[in-house]
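This structure is a prediction, so every number in the text was calculated from the model and none was measured.
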Amino acid sequence: CVTGVQTCALPICNRRASEFLAAQSIGTDADGGFLVPTPLANTLINLLEDYGVARAECRRIVMSAETWSVPKLTEHATVMYPAEAGTITDSDLEFAQIQLVAKKVAALVKMSTEVSEDSVISLVDTVVQSIAHSMAIAEDQNLFNGVASAINADGIKGDASVADTNVASVSALALEDLTATTVAIGNPVVGAQNCWYMNPTLFHGPIRDLLNAANGNTLADIEGGQNARLLGYPVKFVNVLPGASASTSGDLLAVFGDMSLGCYFGDRRQPNFKVLNELFAVNDQVGVIATERIDIKVANPEVLSKITLS
């Protein structure tokens, strides 16, 4: 297993190391590409879910085509109270459309053939972890902060439809701002699994100080610290959020709500590996490439709220 990662797939990769090495040395694919043994691809997917929040928390949509659409009811029927024999006014249902469009995400690592031949097991582990870490960060960045010309340009941070509680600075954050954020989602959906999403430095720093300053803390509370819960809801840590160091206007400090109801993660093609032998042969290098086709969208912003710097 990889240190600090809850997966047992990598030992399987180690047992298949000889097959990986063989795949690097016998090229038959017309484009110089080879599918890496299945355990490696499975390990990448497992690590992505361990490292990232977006893939694990959003509602996963398996896309059967490049574009996936579903209608969303935005206006319900209107109830009237007509007098006897009075006219009943009709009302219309209004719909919007949620659309996911698969976009490619890719990472390429090159290495010398000497390294791949002499250190294949540790190198494969390192490449898998590095690519998974980078892809997970990219997915989370698109979901929370938005990335221009990528998967989601606005993210939750830039979505004006998500209820926003503004604070002047991190040091100005108060318990009232936290309660206002929980109330901002209005009447919660029955069965919603609401959570807080924030950087660990924000929770273990300014928010912990707020909780410690509240009346009623005992020595045991202070010695034992706080569980990752806030106002009765679990806290999930998101490293791509700026946290306690946030200082720029518009910085996203925290998100509250049920991510599985609010956001869709479209999966057109799960992450896969290829080993490229011939492409970099002139430099006596081997390439390892990983790609996926996904989309990430805030589909139901009304079930989410956020705290940002004003």
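The line from CG of L230 to CD1 of I207 is 5.5 Å long, rounded to the nearest 0.5 Å. Note that SG of C263 and NZ of K297 are 11.5 Å apart. Values are rounded to the nearest 0.5 Å. Going from atom CG of N300 over to atom OG of S260 covers 10.0 Å, rounded to the nearest 0.5 Å. A distance of 9.5 Å separates SG of C58 from CD1 of I294, quoted to the nearest 0.5 Å. Within the model, atoms CD1 of I156 and CZ of F144 stand 5.0 Å from one another, a figure rounded to the nearest 0.5 Å. Atom CD of E66 and atom CZ of R293 lie 5.5 Å apart (nearest 0.5 Å).
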For the pair R55 and D267, evaluate salt bridge (Lys or Arg N to Asp or Glu O under 4.0 Å) and give the outcome as yes or no after the intermediate values. CA-CA 9 Å; R55 182 175 289 271; D267 215 337; 3.3 Å; yes
Trace of the side-chain contact (heavy atoms from CB on, under 4.5 Å) decision for M198 with V235: CA-CA 7 Å; M198 64 183 66; V235 176; 3.8 Å; yes
Checking I296 against Y264 for the side-chain contact (heavy atoms from CB on, under 4.5 Å) test, could you report, in this order, the C-alpha distance in whole Å, the side-chain angles of both residues, the deciding distance, and whether it holds? CA-CA 6 Å; I296 301 173; Y264 289 176; over 6 Å; no
Under the criterion side-chain contact (heavy atoms from CB on, under 4.5 Å), I'd like the reasoning laid out for D164 against S305: C-alpha separation, chi angles, the key distance, then a yes or no. CA-CA 6 Å; D164 193 358; S305 60; over 6 Å; no
Taking it one step at a time, do T291 and N272 satisfy side chain to side chain donor-acceptor pair (under 3.5 Å)? CA-CA 6 Å; T291 62; N272 61 32; 3.2 Å; yes
Should R269 and E292 be marked as a salt bridge (Lys or Arg N to Asp or Glu O under 4.0 Å) after you check the CA-CA gap, both sets of side-chain angles, and the distance that decides it? CA-CA 6 Å; R269 187 183 72 221; E292 62 179 358; over 6 Å; no
Given F265 and E57, is the side-chain contact (heavy atoms from CB on, under 4.5 Å) satisfied, shown in steps? CA-CA 9 Å; F265 189 109; E57 295 293 316; over 6 Å; no
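Counting all heavy atoms, side chain and backbone alike, A244 lies closest to P206 at CB-CD, 3.9 Å. Taking every heavy atom of both residues into account, N142 and A150 meet most closely at OD1-CB, 3.5 Å. The minimum heavy-atom distance linking A228 with F237 is given by the pair CB-CZ, 4.3 Å. Across all non-hydrogen atoms, the minimal contact from P301 to S161 is CG-CB, 3.5 Å. Here the shortest heavy-atom pairing between T165 and D177 reads CG2-O, 4.0 Å. The nearest pair of heavy atoms linking G52 to A56 is O-CB, 4.1 Å.
A donor-acceptor pair under 3.5 Å is absent between the side-chain atoms of T248 and the main chain of D251, judged by distance alone. In this structure, S134 contributes its side chain and I131 its backbone to no donor-acceptor pair below 3.5 Å. Using modelled atom types, no side-chain atom of D140 and backbone atom of I137 make a donor-acceptor pair closer than 3.5 Å. Looking at N194, its side chain does come within 3.5 Å of a backbone N or O of D258 through a donor-acceptor pair. Between the side chain of S310 and the backbone N or O of N166 there is no donor-acceptor pair closer than 3.5 Å. Here the side chain of W196 pairs no donor or acceptor atom with the backbone of K236 at under 3.5 angstrom. The closest donor-acceptor contact from the side chain of N199 to the backbone of T201 lies under 3.5 Å.
The shortest side-chain heavy-atom distance between I185 and E302 does not fall under the 4.5 Å cut-off. A heavy-atom distance below 4.5 Å is not found between the side chains of T67 and L100. Counting only heavy atoms from C-beta outward, the side chains of L202 and L253 approach each other to under 4.5 Å.
In the hydrophobic clustering of ILVMFWY residues, with side-chain heavy atoms under 4.5 Å counting as a link, V147 and Y51 come out apart. Hydrophobic clustering of Ile, Leu, Val, Met, Phe, Trp and Tyr side chains at less than 4.5 Å, counting indirect connections, keeps V183 apart from L210. The hydrophobic clustering, which links ILVMFWY residues whose side-chain heavy atoms are closer than 4.5 Å, places L309 and F203 together. Under the 4.5 Å side-chain contact rule for hydrophobic residues, V303 and V162 share a cluster. At a threshold of 4.5 Å between side-chain heavy atoms, the hydrophobic network of Ile, Leu, Val, Met, Phe, Trp and Tyr places I151 and W68 in two separate groups.
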Return all side-chain donor-acceptor pairs below 3.5 angstrom for residues 101-111, not counting sequence neighbours, or 'none' if the list is empty.
from: K103; atom 1: NZ; to: V101; atom 2: O; distance (Å): 3.1
from: K103; atom 1: NZ; to: D295; atom 2: OD1; distance (Å): 3.3

Expected list for residues 75-88: side-chain donor-acceptor pairs under 3.5 angstrom, two or more places apart:
none

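Note: F256 and Y233 have perpendicular aromatic rings, judged against thresholds of 30 and 60 degrees for the angle between ring planes.
Under the side-chain hydrogen bond (donor to acceptor under 3.5 Å, both in side chains) criterion, the residue pairs touching residues 145-159 are Q141-N145, with sequence neighbours excluded.
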